Amino acid sequence: MRAAISLLVLLLSMCGVQTEGQGTDTSSQDVSTELKELRDLVVDLRATVRHTRDDVKVLETDNVAVKGRLVASETKVQALQENKAEMKTEVDNLKRENAAQEVELAVLKTRLAATETEVKDLKMKASAALEQELTAVKTRLAASETTVDDLKKENAAQEAELTAVKTRLANSETKVENLENEIRAAPKVAFSAGLGYGSIESGRRSLDVVFSRVITNVGQAYNSTTGFFTAPVRGVYYFSFTVMDNLDSRYMIIRMYKNRERLMWLNEHDTDGKASYLSGGLTLQLEKGDTVILQIPEKSRLYDNDSNHSTFSGFLLFPL
Ligand SMILES: *[C@@H]1O[C@H](CO)[C@@H](O)[C@H](O)[C@H]1NC(C)=O
Ligand SMILES: *[C@@H]1O[C@H](CO)[C@@H](O)[C@H](O)[C@H]1NC(C)=O
Ligand SMILES: *[C@@H]1O[C@H](CO)[C@@H](O)[C@H](O)[C@H]1NC(C)=O
């Protein structure tokens, strides 16, 4: 509005200058023309003013828009400022936090250093302990080795002893085997024989007693047909006999011979008619082929029955 009024004043003043220049001798026609021109001018001016008003309106609108934008900008600025303040606060907080973290970091560093020292100490202690243990283990190992050595020596000694024992055992076994062979090879001689059922009686001549009921005859050295024992090997032999008679008022006589050489003469005079016995025995050294026989003299007798009252026995004690 103010701009429009200023424009109007400016135009009027211009018109005044033109009027002064033309002078006083101008006609009324000229005046009316001029008036007409002025009216036109006013019309134009009005139009201009309208336009100007529109412009002003536009400008006002613009102004409002600008104001709006300004307000928006100010709001933004305020927001930014607030934001800035917030950020500052945040930065402050962060700084504080950072400071706190630094403190914490320092504490952690201290603790780390302490821990490292502790670890170092522990390592040293552990190392010392391990060395001690290692020494102990070495000592034990050495002791064990000594023991093992001792055991080995002992073992060697035992093995030697064992070998000796084995040798002795082998020798003993050989000896036993030899003895067994000897025993197996040695003649086995033993016999017992009974007179048999009934009695024997000599006539005018002496009689070789034949014990014909063989009880035992290992080696067959006793001949139950002839009554002779014949030594199969040189050696020491033992002989024994028991003979019986049961008749009254008779002499019972028995003799032992070796190769017809008399070794023994026993007799018994019976008066009661009951059983009478004669027993004897001798150990004899015989050569191979020597004979032993029992004999009764002439007019003599011996009795036996199923009870084996009269028997003759002998065996080899040992060969020579
Ligand atoms: C016993 O002697 C008899 C007579 O000499 C003889 O025929 C017999 O073969 C002998 N018996 C034994 C087992 O030697
Ligand atoms: C054998 O003889 C004995 C003595 O004379 C006699 O007591 C016994 O009854 C006899 N035995 C037999 C079975 O004859
Ligand atoms: C006498 O000896 C024989 C032979 O060994 C035997 O069978 C018998 O039973 C003996 N007699 C008695 C009464 O023991």
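Positions are given from 1 along the sequence. Whatever order the structure lists them in is the order used to number ligands and atoms, beginning at 1. These numbers were taken from a predicted model, which means no experiment stands behind them.
Which parts of ligand 2 touch Y303 is read off a 4.0 Å heavy-atom cut-off, strictly below it: atoms 2 (O). In the vicinity of N246, heavy-atom distances shorter than 4.0 Å reach the ligand 2 atoms 5 (O). Set against the non-hydrogen atoms of M244, the atoms of ligand 2 under 4.0 Å away are 4 (C), 5 (O). Counting the atoms of ligand 1 from 1 in the order shown, those under 4.0 Å from a heavy atom of T226 are 2 (O), 4 (C). Contact atoms of ligand 3 toward R213: 1 (C) (distance under 4.0 Å to a heavy atom of the residue).
Using cut-offs of 30° and 60° for the angle between ring planes, the F312 and F191 rings count as perpendicular.
A single hydrophobic cluster is seen to contain both V292 and V233, as judged by linkage of ILVMFWY side chains at heavy-atom distances under 4.5 Å, directly or through other members.
The six-membered or imidazole ring of F229 lies away from that of Y222, with a centre-to-centre distance of 6.0 Å or more. Y237 and F315 have their aromatic ring centers separated by at least 6.0 angstrom.
Contact between G194 and ligand 3 is absent, with no heavy atom of the residue lying under 4.0 Å from the ligand. Residue contact annotation: K274 has no non-hydrogen atom under 4.0 Å from ligand 2.
With respect to atom 9 (O) of ligand 1, the closest heavy atom belonging to the protein is N223 ND2, 4.9 Å. In terms of protein heavy atoms, atom 5 (O) of ligand 3 is closest to I215 CG1, 3.6 Å. Scanning all protein heavy atoms for the shortest distance to atom 10 (C) of ligand 3 gives N308 ND2, 2.4 Å. The closest protein non-hydrogen atom to atom 12 (C) of ligand 2 is N305 ND2, 3.1 Å.
With D245 as the partner, the side chain to side chain donor-acceptor pair (under 3.5 Å) test is satisfied by one option alone out of K274, H309, R301: R301.
For Y251, the OH atom sits in a loose shell: 12 or fewer heavy atoms of surrounding residues, nucleotides or ligands are nearer than 6.0 Å.
Protein heavy atoms come within 4.0 Å of atom 2 (O) of ligand 1. Under the 4.0 angstrom criterion, atom 7 (O) of ligand 2 counts as lacking any protein heavy-atom contact.
In summary, E287 and R234 engage in a salt bridge, as defined by a charged side-chain N under 4.0 Å from a carboxylate O. A salt bridge does not link D62 with K67: every distance from a Lys NZ or Arg NE/NH1/NH2 to an Asp or Glu carboxylate oxygen is 4.0 Å or more.
Without hydrogens or angle criteria, S202 side chain to S300 main chain gives a donor-acceptor distance under 3.5 Å.
Ligand 3 has an N or O atom lying under 3.5 Å from an N or O atom of D306, backbone or side chain.
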